[in-house]
Amino acid sequence: MAYDPTRLEEKWQRYWEQNATFRAEIDPARPKYYVLDMFPYPSGDGLHVGHPEGYTATDIIARYKRMRGFNVLHPMGWDAFGLPAEQYAIKTGTHPRVTTERNIENFRRQIKSLGFSYDWSREIDTTDARYVRWTQWIFRKLFERGLAYEAEVPVNWCPELGTVLANEEVIDGKSEVGGHPVVRLPLKQWMLRITQYADRLIEDLDDLDWPEPIKKMQRDWIGRSEGAHVRFPVLGHEGIEIEVFTTRPDTLFGATYMVLAPEHGLVEAITASDQQTEVKAYVDRAARRSERARMSNSGEKTGVATGAFARNPTNGEEIPIWVADYVLAGYGTGAIMAVPGHDQRDWEFAQKFGLPIREVVEGGNVEEAAWTGSGCATASDFLDGLETDAAKSKMIEWLESENRGAGTVTYKLRDWLFSRQRYWGEPFPVVHHEDGSIALVPESDLPLVLPELDDFKPSGENFEAPLTRVKDWIETTDAEGRRVLRDPNTMPQWAGSCWYFLRFLDPMNDEMPWSTEAENYWMPVDLYVGGAEHAVLHLLYARFWHKVFFDLGLVHTREPFQKLVNQGMILGESFRYYDDDLADEGKDSVTRYRSKDIRETDEGPVAKEDGRALKARWIQLGEVAYDDEGAPIHPQDAELELERVVEKMSKSKGNVINPDDVIRKHGADSMRLYEMFIGPLEKAAPWSTDGIQGIYRFLQRAWRLFHVGDDEQETFQAPVAGLGTDDQRRLTTQTILGVTEDLEAMRFNTAISKLMVFSRDITKDAPLPRESAEIFTLLLAPMAPHLSEEIWLLLGHEDTLAHEPWPKADESLLVEETITLIVQVNGKKRGEIEVPSDVSKKDAEQKALTVENVLKTLDGRQPKKIILVAGRLINIVG
RNA sequence: GCCCGGGUGGCGAAAUGGUAAACGCGGGCGACUUAAAAUCGCCUGGCUUCGGCCGUGCAGGUUCGAAUCCUGCUCCGGGCACCA
């Protein structure tokens with residue numbers, strides 16, 4: 001039989017399933033290894049080639065670790081609540097549950113077709129009532145601990161989506177999903193007190209084996225800063241003080257004015273009567289300006305004086321109080337002391353409005369720019385002469401002893417806005433009493449399931465969730481028969497993914513979310529692989545919940561994910577041109593442009609010729625035509641040359657590769673190997689339709705190592721008995737060492753290249769020996785499991801190779817009697833010499849100096865110095 | 001603006017102080033074939049007066065020796081962005 005991936009892959013996938021080959025059970029006698037993928041949201045588009053990249057990497061590690069004797073937990077599931085299903089429901093009336101089930105079905109089929117070694121008996125679905133029950137159970141715990149609370153907060157309301165979004169889900173004033181505009185308004189919402197864990201979320205990063213940039217992004221996101229709170233009394237308003245936060249208490253003597261954010265609560269109270277109109281106008285305007293507009297002209301400072309003054313507590317100076325939107329209401333206290341000498345923003349503001357600038361730290365020239373570095377304090381009374389750090393401490397001491405302020409820590413991280421005005425999510429397990437108090441739904445009543453609904457539209461105008469309309473669900477009675485209201489909000493999609501890695505440990509448990517026994521054995525996750533887009537959101541939220549579980553005694557590790565790897569994106573090759581059909585009318589008179597005839601401007605692409613506005617267009621991958629030189633051209637217009645662009649795959653760009661097609665044509669093993677071969681896992685790389693051919697050829701060559709005859713009449717040929725020649729044994733040993741090292745370091749691309757070298761050279765001078773044949777099959781198995789299992793069977797083994805021990809290398813075979821040394825003169829290669837492997841420096845030198853080319857280059861000069869690098873080279877300096 | 005990551009053949013890439021370009025794609029030549037495909041073998045950085053010379057974004061530096069370490073610049077990708 002010729003190599004027929006479809007036949008083999010179906011056969012072995014069936015075998016693994018029927019024999020439960022990858023079922024994982026707790027076994028205290030063996031070391032465990034938990035390897036996890038970020039589980040997918042099952043979208044309607046199905047899998048794209050990007051998904052299997054990370055899944056293949058974890059699968060190779062899972063299979064490799066099994067062969068190394070580990071008890072491997074490798075599960076898969078579905079993060080299935082989410083906006084797309086709900087939006088599809090709004091459009092078509094199809095219930096999200098129906099869409100979700102269909103999509104899961106398709107995802108499962110596709111993922112299974114790649115032959116991953118998941119323990120499917122542990123499959124979970126976050127929308128399953130048996131799962132939702134425990135998500136709600138966890139919410140109860142959060143509520144009981146005071147970590148969940150309701151608050152009237154300014155939220156990001158997205159009219160288009162009809163819901164609020166977390167700060168993290170808003171990018172440049174637009175929703176991360178769909179790019180719809182977002183406005184700020186105050187609403188009552190569920191919040192989770194993640195800020196209480198801010199310090200631990202920073203500190204515990206230190207011991208994690210994560211990419212440094214991801215750790216840094218998390219630290220920056222939490223944004224811890226140390227400083228002081230200082231209270232400034234307002235003149236003429238007995239008892240009113242403005243509290244500010246500063247990281248530079250050492251510059252207090254340089255504070256020459258103060259600024260309140262427009263939203264600050266004291267603005268109205270302190271504004272002088274003759275400034276009322278102006279201040280009110282400014283505040284109103286700031287409220288109307290979206291976050292985006294405020295940021296876009298960040299350079300230009302605006303503001304207005306309140307006419308009020310405050311007293312600087314250190315020197316008694318009276319300083320003016322302004323209102324300006326460069327001070328953010330949500331950070332610190334929403335008010336600042338302005339030190340224009342030593343803060344660039346204050347400096348710019350002071351320049352524009354003619355406020356005094358004073359130097360209180362030496363080191364710069366405050367006439368020209370703010371000096372934000374450290375230095376000796378000056379013009380600061382009792383701080384004079386102290387270095388910045390000492391001055392800070394001294395000032396905090398003074399503030400505390402005078403009761404004017406105190407040292408403190410502030411974070412950029414806000415509490416987590418945890419409710420959404422959506423249908424397709426977990427309902428909150430709470431009821432609201434008529435007196436406004438909140439009670440938890442008793443544990444025995446969980447899960448609280450979603451009521452049925454026909455119309456999924458958000459009721460946009462009142463900022464209400466769709467569930468508000470289900471009166472007979474919302475209105476209910478509690479155990480004592482009192483009328484109570486359920487909460488119409490649902491949890492955000494993050495809720496399910498905050499703890500799914502724990503549910504995998506014990507997915508059928510209906511007594512507890514997971515058992516202590518399972519948690520003790522399996523946790524933490526040893527390897528977690530997923531996209532870098534989850535660097536802050538998912539990973540921060542999941543770490544937060546995990547720490548709460550730790551405090552509750554539900555888990556025994558501080559951190560859930562010991563090692564994290566971000567896989568790079570697989571990019572697509574697309575073919576672009578431009579036209580002037582801006583309104584997409586498809587009219588006949590459209591003019592098309594080659595990429596070289598356009599120019600990018602801030603407003604978008606324009607024609608170089610006449611500057612008219614253009615729109616980018618793409619030709620679908622399969623429809624591109626080629627001219628005689630092989631250059632891509634428009635299928636209907638041979639004159640129109642297309643531009644090859646490597647970019648993220650998307651439907652609109654026509655560059656999406658469907659894994660089903662790839663598997664049909666070349667098989668799952670080829671797909672797996674190709675994705676691992678195109679480059680380092682962490683790096684983005686373009687999909688190449690030609691490239692997979694090379695991998696397919698390699699697998700065919702591997703197959704033919706064990707077969708004779710032509711395509712029609714190929715029969716298995718058993719390897720010859722024994723260990724083979726010395727060269728064969730050496731090559732086999734080198735391959736074991738190389739592949740093992742590469743797999744340990746997750747360098748799959750170089751591991752594959754070593755197997756290619758083996759398959760090319762092993763039969764060069766002698767037929768394939770059994771020893772090498774078996775070793776090769778086992779080394780290839782984690783990467784191309786279907787092909788390897790079939791060969792293993794042909795070699796006469798009855799059982800799967802999934803639990804065969806990993807080959808051991810006999811390193812003594814690598815020791816050679818003679819080696820080749822490179823001979824360099826002044827660092828340049830001039831020849832080679834054969835020497836005994838334990839050659840002395842003297843002997844090597846003597847021999848090197850007989851090489852004709854070396855003598856010629858030296859041209860009679862005496863060697864000044866000789867460097868011998870054992871086993872590699874000898875360098876003669878002369 | 002600030003902070004990361006990166007720049008090596010026509011392309012994906014190897015090599016992290018010691019022979020630059022392993023492995024693969026693409027291209028060329030040859031074998032097999034009536035022919036083609038498939039397969040197998042060899043060649044494939046540039047220049048060359050055939051001795052060599054040049055070559056890892058650019059300019060310097062450290063070193064016997066630098067893609068690798070250091071300084072400055074440049075371009076590309078990502079993150080953050082008035083956080084006091």
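Residue numbers start from 1 in every chain, and the chains themselves are labelled A, B, ... in the order their sequence lines are given, proteins ahead of strands.
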Base, sugar-phosphate, or nothing: which does [X] touch, judged by heavy atoms less than 4.0 Å apart?
| X | value |
| --- | --- |
| A/Ile336 | base |
| A/Lys828 | sugar-phosphate |
| A/Ser225 | sugar-phosphate |
| A/Gln824 | base |
| A/Arg224 | nothing |
| A/Ser688 | nothing |

Between [N] ([atom2]) and [X] ([atom1]): distance, integer Å:
| X | N | atom1 | atom2 | result |
| --- | --- | --- | --- | --- |
| A/Lys215 | B/rC80 | NZ | P | 20 Å |
| A/Asp690 | B/rG26 | CG | C1' | 7 Å |
| A/Phe677 | B/rG24 | CZ | P | 7 Å |
| A/Ile752 | B/rC25 | CD1 | C1' | 15 Å |
| A/Trp221 | B/rC2 | CH2 | P | 21 Å |
| A/Asp220 | B/rC3 | CG | C1' | 7 Å |
| A/Leu673 | B/rC23 | CG | C1' | 12 Å |
| A/Ile867 | B/rA66 | CD1 | P | 12 Å |

- prompt: Given side chains that start at C-beta, do those of A/Leu731 and A/Phe758 come closer than 4.5 Å, heavy atoms only?
  reply: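 Yes. Closest side-chain heavy atoms under 4.5 Å.
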
Any strand: nucleotide that pairs with [N] via Watson-Crick or wobble, under 3.5 Å:
| N | answer |
| --- | --- |
| B/rA38 | none |
| B/rG60 | B/rC70 |
| B/rC2 | B/rG79 |
| B/rG9 | none |
| B/rU49 | none |

Within less than 4.0 Å of OP1 or OP2 of [N], is there a side-chain N or O belonging to [X]?
| X | N | value |
| --- | --- | --- |
| A/Lys216 | B/rC4 | no |
| A/Arg704 | B/rC40 | yes |
| A/Arg697 | B/rC25 | yes |
| A/Asn749 | B/rG24 | no |
| A/Tyr331 | B/rA84 | yes |
| A/Lys683 | B/rA13 | yes |
| A/Thr750 | B/rA13 | no |

message: Could you check whether the side chain of A/Lys864 and the base of B/rC64 have a donor-acceptor pair of N or O atoms closer than 3.5 Å, going by distance alone?
response: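 Such a pair does not exist between side chain and base.
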
Distance check, [atom1] atoms only: [N] and [M], in whole angstrom units.
| N | M | atom1 | result |
| --- | --- | --- | --- |
| B/rA14 | B/rU56 | C1' | 12 Å |
| B/rC29 | B/rU34 | C1' | 22 Å |
| B/rG18 | B/rU74 | C1' | 30 Å |
| B/rU8 | B/rA22 | P | 16 Å |
| B/rU68 | B/rA21 | C1' | 15 Å |
| B/rU44 | B/rG77 | P | 35 Å |
| B/rA67 | B/rG79 | C1' | 27 Å |
| B/rA20 | B/rA35 | P | 44 Å |

RNA chain B: 5'-proximal contact among A/Arg760 and A/Asp742 (nearest heavy atom):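 Looking at RNA chain B, the more 5' nearest nucleotide goes with A/Asp742.
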
task: With RNA chain B as reference, determine whether A/Asn875 or A/Val869 sits nearer its 5' end, using the nearest nucleotide of each.
output: A/Val869

statement: Classified by glycosidic angle (syn within 90° of 0, else anti), B/rG7 comes out anti

query: Mind telling me whether B/rG9 is syn or anti, cutoff 90° either side of 0?
result: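 B/rG9: syn.
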
Which of the following nucleotides, [options], is nearest to the side chain of [X]?
| X | options | value |
| --- | --- | --- |
| A/Glu832 | B/rU19, B/rC82, B/rC23 | B/rU19 |
| A/Asp343 | B/rC23, B/rA84, B/rG12 | B/rA84 |
| A/Lys865 | B/rC64, B/rC23, B/rC40 | B/rC64 |
| A/Ser753 | B/rA22, B/rU19, B/rG79 | B/rA22 |
| A/Phe245 | B/rA15, B/rA84, B/rG12 | B/rA84 |

Is it the case that the side chains of [Y] and [X] hold a donor-acceptor pair, with the cut-off being a distance below 3.5 Å and no angle test?
| X | Y | value |
| --- | --- | --- |
| A/Thr302 | A/Tyr282 | yes |
| A/Glu243 | A/Thr333 | no |
| A/Thr820 | A/Glu832 | no |
| A/Ser688 | A/Asp690 | no |

Neighbour count above 12 (heavy atom, 6.0 Å) for A/Lys648 NZ: no

field: Check against side chain to side chain contact (heavy atoms under 4.5 Å, CB included), A/Leu743 and A/Met783
entry: CA-CA 10 Å; A/Leu743 290 188; A/Met783 293 175 266; 4.2 Å; yes

- request: Applying salt bridge (Lys or Arg N to Asp or Glu O under 4.0 Å), run through A/Arg219 and A/Asp206 and close with a yes or a no.
  value: CA-CA 11 Å; A/Arg219 286 192 196 100; A/Asp206 291 345; 3.3 Å; yes

message: Among A/Phe349, A/Phe353, A/Tyr331, exactly one meets ring pair (Phe, Tyr, Trp, His ring centres under 6.0 Å) together with A/Tyr326. Which residue is that?
response: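 That would be A/Phe349.
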
